[in-house]
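Written below as structure tokens is the structure these notes are about.
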Amino acid sequence: MSRMVKIECGISFRLRETSGSKPSPITCFVEFNGKPVVKIPTGAKIPPSKWNPEKERPIGGLKGLELAETNSIVERLSTIRATVANMYRAHVAEHGTYPDKVNFKAEVVRSLTESEAPQTTGTNEEEPDRSFISFFDSQIKLTREGKRVILKGKRKGHPYKKGTITSYEVSRNLLHEYVTDRKLKKLDFSDITMDFYHDLQSYMFNDRKSSLNYFGKIIKDIKLFMGEAKAKGLHDTDAYASNTFIKTQEETDAVYLNVDQLEKIRQLDLTEHSGLANARDLFLLGAWTGLRFQDYSVLAQKARVMGNFIHIETEKVNVSVAIPILPSAREILDRYRLEDGTYAYPRPISNQKLNDYIKIIAKMSGLANKIVLSVPEAGKRVKVAMPFYQAVDTHTARRSFATNMYKHYRLPALTIIKITGHTTESNFFKYIRMTPEESAQLILDTVLAKEQETLQDVQSLPYTATEKGELAKVG
């Protein structure tokens with residue numbers, strides 16, 4: 001039951017504002033499988049009256065733009081169209097999946113930015129751009145080249161991961177769009193003030209309908225690079241270090257699968273659906289190992305099974321861990337064991353495809369009860385009702401492991417953290433999913449079990465019945 005991935009994507013150009021006299025930004029919309037999923041700024045603007053929406057190009061002639069301006073915009077849109085099409089085809093040809101929309105946008109923007117970078121020669125060079133965004137760009141470049149490395153923690157001295165670089169690029173791109181949409185010439189170090197903080201907050205919440213956590217991520221990167229720039233003596237601004245220039249964060253509302261629900265998924269008959277069966281095994285390995293998707297999806301390349309343990313170096317933090325092979329994981333691994341004793345493991349698939357498949361699998365397993373989740377929207381949280389299976393994704397596996405190990409199997413948090421890699425107990429307890437009633441029930445069950453254990457110990461002592469009764473009262 002595999003999904004056909006189309007080799008071509010849809011590309012269209014539209015104005016942000018379709019009426020009015022002021023020039024409106026032209027945005028490139030990219031569609032995967034007929035659905036608009038990526039919006040790429042073109043950097044070009046045009047009055048709505050001089051734009052032909054059917055032909056998606058400027059209107060020339062007497063009623064339109066000057067010939068030179070028309071040609072400039074047409075050439076720019078053609079370059080963007082070709083870049084998007086080529087990068088999309090290359091990804092599909094290599095991976096056989098639709099690109100991740102965030103990464104795809106970042107890669108396209110980076111490609112366009114690099115291709116448009118001016119080449120300066122000779123001695124009559126212009127004064128270099130020393131704006132904050134220019135510094136942001138230079139730090140990303142150094143990071144990509146491995147010249148900017150991690151300065152503290154377990155990975156001190158190591159280069160940053162590709163995912164971190166992509167995250168920086170997403171922040172950089174948003175700041176570029178902010179400057180464009182706010183009609184600013186540039187964003188200097190001296191512009192990073194509390195007024196900027198509040199305006200960026202308004203822009204992201206009101207104009208872009210971004211979440212609180214997304215805003216917090218942008219602020220985190222701004223604070224990081226402002227600090228690095230100050231250490232280099234590029235500015236003496238302090239607003240970014242203020243207690244009010246805060247990185248906002250809120251807990252995400254997510255689900256986990258309890259032991260019974262995982263068993264329903266395990267028992268689901270998928271003999272007629274090999275793709276779903278492979279996805280189910282991949283997901284369950286994540287649910288019984290506590291690994292992140294980027295680790296449990298590539299076990300064949302990275303894991304070594306030795307006795308009752310899976311040894312693997314985790315991708316995110318580059319730490320080697322030993323994962324106990326629990327009975328449910330052993331059952332899956334044994335089905336992929338080869339004659340020479342090695343393992344084939346479930347076939348790797350993309351995060352996007354596994355997200356799609358696991359929702360189908362959860363629905364087929366009967367996990368369709370209605371739930372209400374609190375989800376972020378434009379800096380606020382709104383209640384959304386949905387079937388349970390729609391809330392299940394690739395990360396649900398790891399969350400299920402942590403919650404079940406603590407809640408169902410009653411393992412100490414510090415023991416579980418050795419596998420999940422959470423840095424503190426407080427972070428771990430924010431991560432696992434337990435309702436207030438479940439937390440209270442856990443305390444009640446633990447205390448009652450302890451009292452029952454004490455009573456049994458008393459009854460096993462060599463005392464008379466009367467003495468045992470008195471001791472039990474005291475105990």
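With salt bridges taken as basic N to acidic carboxylate O contacts below 4.0 Å, one links R266 and E263. A salt bridge between E177 and R16 is absent, with no side-chain N of the basic residue lying under 4.0 Å from a carboxylate O of the acidic one. E169 and R144 are joined by a salt bridge, as a carboxylate oxygen and a charged side-chain nitrogen come within less than 4.0 angstrom of each other. With respect to D260 and K264, no salt bridge is recorded, no charged nitrogen being found less than 4.0 Å from a carboxylate O. The pair K141-E145 meets the salt-bridge criterion, with a side-chain N (NZ, NE, NH1 or NH2) lying under 4.0 Å from an Asp/Glu carboxylate O.
Taking the six-membered ring for Trp, F215 and Y203 have ring centres at least 6.0 Å apart. For an aromatic pair to be called close, the ring centres must be under 6.0 Å apart, and F132 with F225 fails this.
With hydrogens and angles ignored, the 3.5 Å screen pairs a side-chain donor or acceptor of E56 with a backbone N or O of F13. A donor-acceptor pair under 3.5 Å is formed between the side chain of K223 and the backbone N or O of F245. No donor-acceptor pair closer than 3.5 Å links the side chain of E107 to the backbone N or O of F104. Remark: the backbone N or O of F135 is paired with a side-chain donor or acceptor of S138 at under 3.5 angstrom.
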### Task
Would you sort out whether T396 and D393 count as a side chain to side chain donor-acceptor pair (under 3.5 Å), showing the intermediate values?
CA-CA 5 Å; T396 304; D393 59 24; 3.0 Å; yes

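Atom OG of S167 and atom CZ of R172 lie 12.0 Å apart (nearest 0.5 Å).
Contacts classified as side-chain hydrogen bond (donor to acceptor under 3.5 Å, both in side chains) and involving residues 80-89 (residues at least two apart or in different chains) are given here: E8-R89, N86-R89.
For Y345, the ring pair (Phe, Tyr, Trp, His ring centres under 6.0 Å) partners at least two apart in sequence or on another chain are Y343.
In this model, no donor atom of one side chain and acceptor atom of the other lie less than 3.5 Å apart for D295 and T314.
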